[in-house]
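Accompanying notes for the structure given below.
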Amino acid sequence: METVSSNGSGHHYRALSACTIENVRYRLGDTPLFEHDNEDRWFETHDVSKPYQVVALFDGHDGPRAVDYVRKYVKNELERARSVTLTTLQELFVETETDFFENIRIYVEEKQKLQDAIPPGMKSYQASQQYPREVARLQELEPLISGGCTAVVAVVCGNKL
């Protein structure tokens with residue numbers, strides 16, 4: 001990290017760089033099982049009118065939908081905020097989670113109806129033979145509702161984290 005002064009405002013910001021590595025799952029013996037797109041995201045704010053800078057890292061899991069949604073929502077809210085406190089961040093993440101689940105609720109409800117149409121305990125192969133449309137739709141819905149995100153948000157104010 002290198003300290004960089006803003007354009008005369010008196011606030012100092014830290015320049016940072018970030019990199020990620022390709023996601024690979026391994027078998028025993030370090031043999032790659034498969035690779036998939038990187039699901040990690042980050043952002044930092046650079047508003048010189050504010051006495052703080054926000055750096056946020058997002059670790060996506062099982063698809064990019066959740067991580068992309070959370071990154072965009074959190075970034076937009078933090079850029080509009082006049083100040084950032086622990087309470088602000090806690091409320092923001094509750095709000096983000098609530099909004100995300102409201103966005104996918106229709107898909108979750110559809111999945112439940114499709115699963116209810118297939119008798120409990122039926123094997124996957126048997127279900128795909130007897131309920132091909134339902135199984136196909138369940139497979140289409142899965143990427144829309146699966147996944148998650150872990151977030152780390154740091155607020156830097158002057159030389160304090």
Side-chain angles (χ1 to χ4, degrees), residues 1-27 30 32-116 134 136-161:
M1 281 189 163
E2 163 188 338
T3 301
V4 177
S5 178
S6 65
N7 56 5
S9 69
H11 303 300
H12 294 278
Y13 296 94
R14 301 215 181 267
L16 65 94
S17 62
C19 67
T20 59
I21 59 171
E22 191 169 13
N23 287 327
V24 179
R25 297 204 179 176
Y26 289 92
R27 295 182 191 165
D30 293 332
L33 181 61
F34 64 89
E35 298 176 0
H36 59 90
D37 291 338
N38 192 315
E39 299 163 349
D40 301 337
R41 309 288 188 263
W42 73 284
F43 75 82
E44 63 178 311
T45 61
H46 293 287
D47 186 342
V48 296
S49 70
K50 296 179 181 176
Y52 61 86
Q53 179 180 12
V54 176
V55 179
L57 307 170
F58 304 90
D59 180 14
H61 311 288
D62 199 21
R65 183 177 170 90
V67 72
D68 288 340
Y69 185 90
V70 172
R71 181 195 175 276
K72 181 179 177 183
Y73 194 97
V74 170
K75 184 176 191 288
N76 288 342
E77 293 300 314
L78 289 176
E79 285 177 344
R80 290 192 308 207
R82 292 179 185 249
S83 66
V84 179
T85 65
L86 179 58
T87 302
T88 305
L89 291 173
Q90 290 169 333
E91 290 171 355
L92 174 58
F93 279 103
V94 168
E95 192 179 291
T96 304
E97 183 176 58
T98 300
D99 197 66
F100 178 75
F101 283 122
E102 185 58 34
N103 264 286
I104 66 169
R105 181 179 55 82
I106 190 168
Y107 302 124
V108 173
E109 290 172 354
E110 182 182 356
K111 179 181 178 179
Q112 186 61 55
K113 287 178 185 174
L114 291 166
Q115 288 176 324
D116 289 345
E134 290 84 351
R137 182 60 182 153
L138 284 167
Q139 291 170 343
E140 292 170 1
L141 288 171
E142 196 57 33
L144 299 175
I145 60 177
S146 66
C149 173
T150 302
V152 175
V153 177
V155 180
V156 181
C157 187
N159 288 331
K160 296 184 180 179
L161 181 62

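Predicted model only: the values in this text are computed from it and were never measured.
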With the side chain counted from C-beta on, respond yes when [X] and [Y] share a heavy-atom pair under 4.5 Å apart, and no when they do not.
{"X": "Asn76", "Y": "Lys72", "answer": "yes"}
{"X": "Val54", "Y": "Val153", "answer": "yes"}
{"X": "Val108", "Y": "Phe101", "answer": "no"}
{"X": "Lys50", "Y": "Val84", "answer": "no"}

What pair of heavy atoms forms the shortest contact from [X] to [Y], and how long is it?
{"X": "Leu114", "Y": "Leu141", "value": "CD1-CD1, 3.7 Å"}
{"X": "Cys157", "Y": "Pro51", "value": "SG-O, 3.4 Å"}
{"X": "Gly60", "Y": "Asp40", "value": "N-OD1, 3.6 Å"}
{"X": "Ile145", "Y": "Tyr107", "value": "CG2-CB, 3.4 Å"}
{"X": "Tyr52", "Y": "Leu78", "value": "OH-O, 4.5 Å"}
{"X": "His61", "Y": "Thr150", "value": "NE2-OG1, 3.0 Å"}

Rounded to the nearest 0.5 Å, what separation is found between the [atom1] atom of [X] and the [atom2] atom of [Y]?
{"X": "Asp62", "Y": "Glu142", "atom1": "CG", "atom2": "CD", "result": "7.5 Å"}
{"X": "Arg41", "Y": "Asp68", "atom1": "CZ", "atom2": "CG", "result": "4.0 Å"}
{"X": "Arg71", "Y": "Cys149", "atom1": "CZ", "atom2": "SG", "result": "11.0 Å"}

Sidechain N-carboxylate O distance under 4.0 Å for Arg137, Glu134: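 Judged by the 4.0 Å cut-off on N to carboxylate O distance, Arg137 and Glu134 do not form a salt bridge.
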field: Carboxylate-amine/guanidinium contact Lys75 Glu79, below 4.0 Å
entry: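 Salt bridge present between Lys75 and Glu79.
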Only pairs under 3.5 Å count here: list side-chain donor-acceptor contacts from residues 88-96, not counting sequence neighbours, and write none if there are none.
{"from": "Thr88", "atom 1": "OG1", "to": "Thr85", "atom 2": "N", "distance (Å)": "3.3"}
{"from": "Thr88", "atom 1": "OG1", "to": "Thr85", "atom 2": "OG1", "distance (Å)": "2.8"}
{"from": "Glu95", "atom 1": "OE2", "to": "Tyr73", "atom 2": "OH", "distance (Å)": "3.1"}
{"from": "Thr96", "atom 1": "OG1", "to": "Leu92", "atom 2": "O", "distance (Å)": "2.6"}

